[in-house]
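Remember, predicted model here, so these are calculated numbers, not experimental data. Numbered from 1 within each chain, the chains take letters A, B, ... in sequence-line order.
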Amino acid sequence: MPDQIPADYLDGLNDIQRAAVTTTEGPVLVVAGPGSGKTRVLTFRIAHLIEKGAAPWEILALTFTNKAAREMKERISKVVGKRAGNIWAGTFHSLFARILRVEAKHIGYPSNFTIYDTDDTKSLIGQIIRELSLDKTVYQTNAIKNRISSAKSSLITPKLYERNEELLAQDKQANMPLVYKIYAAYVNRCKKAGAMDFDDLLFRLYELLQNHPEVAGKYRQKFKYVLVDEFQDTNTLQYAIVKKLVQYPDSPRNICVVGDDAQSIYAFRGATIQNILDFEQDFSQFDIQTFKLEQNYRSTENIVATANAVIGHNRRQIQKKIWSDKGLGEKITVLREMDDTGEGRRVADTILEQKNRHHLANEDIAILYRTNAQSRIFEEYLRRFNIAYRVYGGMSFYQRKEVKDMVAYLRLVVNPNDEEAFRRVINNPKRGIGNTSVGKMITLAGQQQITLFEASKHVALAKRTRHQADGFIHMIEQARAKVDTTDAYEIADTIAKKSGLLDLHRGDTSIEGMGRLENFQSLLDGIKSFVEEDTVIDTETLPDKTLATYLQNIALLTDFDTKNAESTDVVTLMSVHAAKGLEYKSVFVVGLEEKLFPSWMSMDTLDGMDEERRLFYVAITRAEQFLTLSYANTRYRYGKMVMNEPSRFLAEVPAEAIVSTTHSRRSQGHEYDRVQEQRARVSGVTPPVRSRGTARFAKPKVDPANFTPSPAAEIVEGVRILHLKFGEGRVTKIDGGAANRIATIHFSDLPQPEKRIMLKFAKLQILP
DNA sequence: ATAGCAGTAGGCCCT
DNA sequence: CTACTGCTAT
C-alpha cells in the first residue's frame, strides 16, 4: 500500500458527501440516512485531514463497536497507508479505557485495573444485597444494576444520589428505599477491587477531565479533530465527555458528529435521541454546518419507500427525504406461518429458493430477529437444509463459562484484588472451599477493610480447607511473580494445568464437555497466537506480550470481534441491534408479531413504540434487493405456547410494495389478506372474520393412515418414493456422508419439483 | 462443611 | 428454557 494519498480520492463522492469531507474546521453535523455512504464520508474525512497535514494521533474517532472502528481503520489505511494505525479510532469504551490506564494514578486506580463485565457487576450487586441482608425478591439485581447504571450515566455519584429527593422517592415507590446504600457499597467495592464496570469507563473519565484540568488540557491539546460515529446512540455522559474534549462552550474544536436520528435504537441503555436533536442548537454560535446525506446507494426504491413510510409513523425526527435511483426492484414478500417451527422451515426454504433463482451466495443473506432466543429454530432448519450459517450475539466466546473461568484466573494473577475473579475461581474446580469458607473470608475482608485475596490468607479455616486455600494462594502468587517477565501464554499454560481446569475438562467426556474442552483449548490457542503473532487489536498498545496486555485486549471484545477462520460464505443470523451498519442483498426480518417485535417491554409508552419502529426501520434498510418479512400465529416462548397478532409494523408497509402472492406451495397467498386484517385492526376497523389456520399443511397429498415410512438405509438412487406432503417422487441422486445422506428427489406434481431431503429426518415410503 | 439434586422464578437489545 | 435457591446425602 503506497503511503501517499491518491489524488482522485474525492472523485467518487457526491457533492454533499464531498462538502462534508472537506469542511474540516468548526463543528459539523452530518445527518446520514441508511446506505448514504456515511462510513465513506467518515473515512475520507479522516484521510482528508491527514492529507491536509493533521497528524494521525491528533484525530480521535469514536465508534460504538470494535467492528466499526476496525472497518474504518482498514478503509482509511487504503487511502493513507499504515499511518492509519496511529489514528485514535475505537469504541468509546476502549479508547477511554486506554486513557484511563495512563492516567489511573490521578483517580486512585491501578493502571492494570480490571474491567467488570455485566456478569461481574450483577454478581457483585447480588453479593452486596446478601451482605446487607436485604430481601432479594424485592431488591432485584437487574433492576438495581440498571438503576446504578443510569445514575452513573447521568453523572450522579453515590453522594448526589443520597441527596436526590426525586431518586429516593422513586426508590421508595419501588419498595427499594436502600438502593443508594447498595450503590455506595458497589462503588466502594469496585474501587477496592481495582475494577471498573462499563459505565465507569465513561464516568471515571468524565471525573478525571472535570477534576484534573491539566489532564483535560493535555488531551484537548492532543486531539485536534474529534469525530463521533452513530451520534444518535450516545448517552448524556458520552456527549458530556465529548463536549469536555472539545472544550465546549469556550472554544469548540473541530468536532464532527455523524448520525441518523431515525436509527437511534439504544434508548434502553441511556442513549438519548435528544443529543443529535440538540447538537445543532448547542453549537449554533460557532457556525455549525449541517449536511444531510439523503441518497441511498444501498437499496431498491421499493425498500426505501417502505422504510420512509414506516418511519413516517414516528412523531419527531429531523426532516429528510431518503431516495434511491436503483429502480423499483423486487417487491417485499410477507410470509405467514402457523407457528415458529413453520417460520423456521419456511424461511430456510425461501432461502434455498432465492439462492437458486437469484444466484445468491450464503453470505448475501441475513436473518434478523428481535431477540437472540429466536435463532435456535432457524439454525435447526438451516442445518437440515445444509445451508452454512453463523450466529452472532447471544453467548459470545468470552462469555462461556469455561472461558470465563480461565480468564478469571488470569485476571486474578494480574490483579489479585479482583473480587469477582476471586469468588469465581476460589472453588473452581472444586477444591473443598465452599460457601461457608468463602463466607468467612468475606466477613474478614469486610471487618478489616482488606481485599478478599488478603483475607483468604489470614482467615481461620478448618485444617483441610486451610491447606487447600494455601495451595490456591501459592499458585496465584507464583504466577504473579512472573507476570511482568514471562509471556501470557506461559502463565496461562501453567495455570491451566495447576488449577486443575485442564484436567477437569479433559475428564468430561459428555458431548457438551467436549465442546467446553474445545473452547478452553481455543482460548489457550488464542493466547498463544497473541504471544506469537502480532495480533494487537489496540494499535497503540505497546506490542508487549504480557498477560496484562492480553487481558486489556480481550476485556471489551464481543462476539462480533472473534473472527471465525472457517468459511465466510455463510448466512448471517443476528439481532436487529447487531445488524446496524451492515447490509445484505437479501434480508429476512422474522418474528414480526405484536409483543415480540414491537417488544412487549416497549409497548406501553409512545417513546418505546417509536424506538421499536426505528429498530424495524434499521432492519428493513439492511436489505439491498430482497426483503422478506415473516411472522407466525403462535410460538413457544419460555416453554409456553403463545398466540400473537401480526406486528402493527406490517400494516405500515405500503400495500403496493408487497407482493400479493408468494411462490410457496404452502400458504397460497393469505399473507396479504392477513396483513390487510392487521391494517384494519390498527386503524380501528373490525377485521373481516376469516378462517384461520391450516395453511402449512393445506393439502396432505397422502393419507397418513396408509403411510409406513421405510428405513432410510433402503433409500437409494432410482427408487420411487412417497412423501407425506410432497406426494410421489423419484430419487435422482444421493450424496453426503453416511450419517448425513441427502437425497435429491423429483416430485413431478410440484411447481418446483426438485427437492433435496436429508434422509436422517425425512420420512419416505418406498413404492414398488 | 461441602456437593449434588430437584424445584422454581424470571427472562431483550450492547459495551 | 436457564440461573438461582433449598434440600439431602456424604
Side-chain angles (χ1 to χ4, degrees), chain A residues 62-69 90-97 115-123 126 129-130 136-137 140-143 145-146 149 152-153 196-203 230 233-235 237-238 264-271 368-377 392-396 398-399 401 426-440 461-466 468 554-561 574-581 591 595-603 608 611-612 614-616 618-619 636-640:
Chain A
L62 297 164
T63 64
F64 271 83
T65 62
N66 293 301
K67 187 171 182 294
T91 64
F92 281 89
H93 291 84
S94 73
L95 293 181
F96 292 177
I115 296 171
Y116 274 176
D117 67 13
T118 312
D119 290 341
D120 297 318
T121 298
K122 280 199 265 195
S123 154
I129 291 170
R130 265 192 299 279
K136 61 182 176 304
T137 56
Q140 296 188 20
T141 2
N142 261 320
K145 180 182 75 97
N146 291 338
S149 173
K152 283 182 183 170
S153 302
M196 295 201 199
D197 65 19
F198 291 136
D199 298 312
D200 284 331
L201 295 175
L202 310 179
F203 185 69
E230 308 280 12
D233 287 328
T234 52
N235 63 26
L237 179 50
Q238 285 163 322
S264 165
I265 54 175
Y266 283 108
F268 70 92
R269 66 167 197 220
L368 308 182
Y369 32 76
R370 180 64 179 84
T371 68
N372 282 316
Q374 287 165 257
S375 73
R376 209 204 78 244
I377 211 117
Y392 288 88
M395 180 84 78
S396 90
Y398 293 101
Q399 284 175 312
K401 184 184 179 301
I426 176 67
N427 197 31
N428 182 356
K430 304 265 180 270
R431 48 172 73 86
I433 306 175
N435 285 334
T436 319
S437 302
V438 176
K440 286 178 188 167
L461 295 170
K463 200 169 178 190
R464 238 174 63 106
T465 319
R466 179 75 263 167
Q468 292 286 11
I554 64 161
L556 293 165
L557 292 187
T558 62
D559 194 31
F560 258 107
D561 308 307
M574 63 169 99
S575 69
V576 181
H577 281 92
K580 192 167 66 165
K595 298 182 186 168
L596 181 59
F597 198 174
S599 159
W600 59 277
M601 310 262 305
S602 314
M603 287 177 75
E611 172 140 328
E612 293 289 321
R614 291 192 295 269
L615 197 53
F616 184 54
V618 167
Y636 273 101
R637 287 191 84 187
Y638 316 133
K640 277 197 200 68

Original post:
Whole-Å distance between B:dT15 P and A:Asn66 CG?
Top reply: 8 Å
Original post:
Whole Å only: how far is the NZ atom of A:Lys401 from the P atom of C:dA3?
Top reply: 11 Å
Subject >> Sequence-distant partners of A:Tyr636, ring pair (Phe, Tyr, Trp, His ring centres under 6.0 Å), two or more places apart >> reply: none
Original post:
Would you say A:Arg130 reaches C:dT5's phosphate, i.e. side-chain N/O to OP1/OP2 under 4.0 Å?
Top reply: yes
Subject >> Length of the line joining A:Asn146:CG and B:dC14:P, which is rounded to integer Å >> reply: 15 Å
Subject >> Smallest separation among heavy atoms of A:Arg370 and A:Ser575, with atom names >> reply: O-CB, 4.5 Å
Original post:
Can you list the residues that meet the salt bridge (Lys or Arg N to Asp or Glu O under 4.0 Å) rule with A:Asp199, with sequence neighbours excluded?
Top reply: none
Subject >> A:His577 side chain to A:Ile265 backbone, donor-acceptor under 3.5 Å >> reply: yes
Subject >> Length of the NZ-C1' vector between A:Lys145 and B:dC13, whole Å >> reply: 11 Å
Subject >> 5'-most by nearest nucleotide on DNA chain B - A:Ser575 or A:Lys440 >> reply: A:Lys440
Subject >> Rounded distance (Å) that lies between atom P of B:dC14 and atom CD1 of A:Ile265 >> reply: 9 Å
**OP:** Report the residues that fulfil salt bridge (Lys or Arg N to Asp or Glu O under 4.0 Å) with A:Arg130, sequence neighbours left out, ordered by chain and then residue number.
**Re:** none
**OP:** Would you mind classifying the nucleic acid contact of A:Phe64 as base, sugar-phosphate or nothing, using non-hydrogen atoms under 4.0 angstrom?
**Re:** sugar-phosphate
Original post:
Atom OH of A:Tyr398 to atom P of B:dC14: distance rounded to whole Å?
Top reply: 18 Å
Original post:
Can A:Thr371 and A:Gln374 be counted as having a side-chain donor-acceptor contact under 3.5 angstrom?
Top reply: yes
Protein N or O to nucleotides 2-6 of chain B N or O, pairs below 3.5 Å:
{"from": "B:dT2", "atom 1": "OP1", "to": "A:Gly434", "atom 2": "N", "distance (Å)": "3.0"}
{"from": "B:dT2", "atom 1": "OP1", "to": "A:Ser437", "atom 2": "OG", "distance (Å)": "2.7"}
{"from": "B:dT2", "atom 1": "OP2", "to": "A:Thr436", "atom 2": "N", "distance (Å)": "3.1"}
{"from": "B:dT2", "atom 1": "OP2", "to": "A:Thr436", "atom 2": "OG1", "distance (Å)": "2.6"}
{"from": "B:dA3", "atom 1": "OP1", "to": "A:Gly432", "atom 2": "N", "distance (Å)": "3.4"}
{"from": "B:dA3", "atom 1": "OP2", "to": "A:Asn427", "atom 2": "ND2", "distance (Å)": "3.0"}

**OP:** Please tell me which of A:Phe92 and A:Ala462 maps to the more 5' nucleotide of DNA chain B, matching each residue to the nucleotide holding its nearest heavy atom.
**Re:** A:Ala462
Subject >> Interatomic distance, A:Phe616 CZ vs B:dC13 C1' [rounded to whole Å] >> reply: 17 Å
Original post:
Is there a side-chain contact between A:Leu596 and A:Tyr369, using heavy atoms and a 4.5 Å cut-off?
Top reply: no
Short N/O separations, protein against nucleotides 8-12 of chain B, under 3.5 angstrom:
{"from": "B:dC12", "atom 1": "O2", "to": "A:Arg370", "atom 2": "NH1", "distance (Å)": "3.2"}
{"from": "B:dC12", "atom 1": "O2", "to": "A:Arg370", "atom 2": "NH2", "distance (Å)": "3.3"}

Original post:
Partners of A:Phe96 by ring pair (Phe, Tyr, Trp, His ring centres under 6.0 Å), sequence neighbours excluded?
Top reply: A:Phe92
Subject >> Length of the CG-P vector between A:Leu596 and B:dC13, whole Å >> reply: 11 Å
Original post:
Which atom names give the shortest non-hydrogen contact between A:Ala555 and A:Ile115, and what distance separates them?
Top reply: CB-CD1, 3.9 Å
